[in-house]
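What follows is a set of notes on a single structure, which appears directly below.
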Amino acid sequence: MGTVLGAMRNVRWHELQHAYGSASQVPGVLSRIAWGDAPTSDEALSDLERWISTPPVFDSTAATVPFLWELAATDTVRDRAGVLELLATILAAGNAEHPAWTRAAHDAVAAGRATAARLAAAPDTPEAGGPSPARTVRAAATRLLAAIDRHVCPMCAGLSPHAAQAH
């Protein structure tokens, strides 16, 4: 699998759940986001969003977030902006029946704040034929950074925006 997503093998995915059952398929979906062609990557990102963040978060959500941050920071990933948008969706989602899952997922998103800041400050690299991928990633990272800094929810009430930076 290489170094990108290499630590996925250390997660006991079969013991975690997503919206439709066992999270054992999550590593394959993350791999399709990392290395798939555009349609494959787009479909995988959509599947992952339905599985781990819409509408509630699950125990697999917090386990998945560090790998999403890794994908967002990897230049060869086709839809890094989409990955950042999924992280924002996770930060906005919750699970009232399982507040610890929500807190863990939100903490995992907040833990990537430094990556969001680095991506938000990335230089623009113009590309012929449309908006530059760097500009799209920078915009998504800027929105996520703002969401992290102003994040407040009942499950994270004790977590101030500045404390989130330390996570």
Side-chain angles (χ1 to χ4, degrees), residues 1-95 101-102 104-122 124-125 127 129-148 167:
M1 220 183 274
T3 56
V4 175
L5 302 179
M8 280 194 310
R9 66 181 170 274
N10 299 327
V11 177
R12 299 177 70 134
W13 296 103
H14 65 282
E15 295 178 3
L16 302 175
Q17 296 291 308
H18 62 56
Y20 301 101
S22 171
S24 61
Q25 314 92 331
V26 169
V29 173
L30 287 167
S31 295
R32 289 183 6 231
I33 294 168
W35 296 291
D37 59 15
T40 300
S41 178
D42 291 347
E43 180 183 358
L45 194 56
S46 177
D47 286 348
L48 195 60
E49 182 172 3
R50 282 192 336 267
W51 291 357
I52 67 167
S53 70
T54 310
V57 297
F58 297 88
D59 60 349
S60 63
T61 306
T64 304
V65 168
F67 302 108
L68 292 173
W69 278 117
E70 188 176 349
L71 293 173
T74 302
D75 290 335
T76 56
V77 171
R78 295 185 193 286
D79 191 3
R80 294 167 54 205
V83 172
L84 291 165
E85 290 165 5
L86 176 54
L87 287 163
T89 298
I90 291 167
L91 188 63
N95 189 327
W101 294 354
T102 300
H106 293 181
D107 284 351
V109 172
R113 187 188 185 286
T115 299
R118 184 177 53 77
L119 293 172
D124 197 14
T125 51
E127 194 170 288
S132 100
R135 183 177 300 151
T136 306
V137 169
R138 191 171 60 238
T142 299
R143 288 189 300 273
L144 179 54
L145 193 56
I148 290 169
H167 279 285

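Rounding to the nearest 0.5 Å places OG1 of T76 at 8.5 Å from CH2 of W35. Summarising the geometry, atom CG belonging to L45 is positioned 13.5 Å from atom CZ belonging to R78; distances are rounded to the nearest 0.5 Å. How far OG of S24 is from NE2 of H18: 7.0 Å, rounded to the nearest 0.5 Å. Of the inter-residue distances, the one linking T89 atom OG1 with L84 atom CG reads 11.0 Å to the nearest 0.5 angstrom.
Applying the side chain to side chain donor-acceptor pair (under 3.5 Å) rule to T142 yields no partners; only residues at least two apart in sequence or on another chain are considered. W101 pairs by the ring pair (Phe, Tyr, Trp, His ring centres under 6.0 Å) definition with H98, not counting sequence neighbours. For the salt bridge (Lys or Arg N to Asp or Glu O under 4.0 Å) test, no residue two or more places apart in sequence or in another chain qualifies with D37. For E49, the side chain to side chain donor-acceptor pair (under 3.5 Å) criterion is met by no residue, not counting sequence neighbours. With sequence neighbours left out, A34 forms a side-chain contact (heavy atoms from CB on, under 4.5 Å) with L5, L71. With sequence neighbours left out, A19 forms a side-chain contact (heavy atoms from CB on, under 4.5 Å) with F58. With sequence neighbours excluded, no residue satisfies side chain to side chain donor-acceptor pair (under 3.5 Å) with E43. With sequence neighbours excluded, no residue satisfies side chain to side chain donor-acceptor pair (under 3.5 Å) with T74. Legend: residues meeting salt bridge (Lys or Arg N to Asp or Glu O under 4.0 Å) with D47, ordered by chain and number and at least two apart, are R32, R50. Remark: A139 pairs with R143 by the side-chain contact (heavy atoms from CB on, under 4.5 Å) rule, at least two apart or across chains. Here R80 pairs with D75 under the salt bridge (Lys or Arg N to Asp or Glu O under 4.0 Å) rule; sequence neighbours left out. Remark: T115 pairs with W69, A73, R118, L119 by the side-chain contact (heavy atoms from CB on, under 4.5 Å) rule, at least two apart or across chains.
In terms of heavy-atom proximity, A105 sits nearest to V65 at O-CG2, 4.4 Å. Closest of all the heavy-atom pairs between L145 and A120 is CD2-CB, 4.3 Å. Counting all heavy atoms, side chain and backbone alike, D42 lies closest to D79 at OD1-OD2, 4.0 Å. Residues V83 and L68 share a closest heavy-atom pair of CG1-O, 3.2 Å. Taking both residues in full, the closest heavy atoms of S53 and I90 are given as CB-CG1, 3.6 Å, listed atom of the first, atom of the second, then distance. Taking each heavy atom of I52 and S60 in turn, the nearest pair found is CG2-OG, 3.6 Å.
Side-chain atoms of W13 never come within 3.5 Å of backbone atoms of A63 as a donor-acceptor pair (strictly under, hydrogens ignored). The main-chain N or O of P27 is found under 3.5 Å from a side-chain atom of S31 such that the two form a donor-acceptor pair. Looking at H106, its side chain never comes within 3.5 Å of a backbone N or O of I148 through a donor-acceptor pair.
A 4.5 Å side-chain heavy-atom check between W51 and V29 finds at least one atom pair inside the cut-off.
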Stepwise side-chain contact (heavy atoms from CB on, under 4.5 Å) check, L16 with V11: CA-CA 9 Å; L16 302 175; V11 177; 4.0 Å; yes

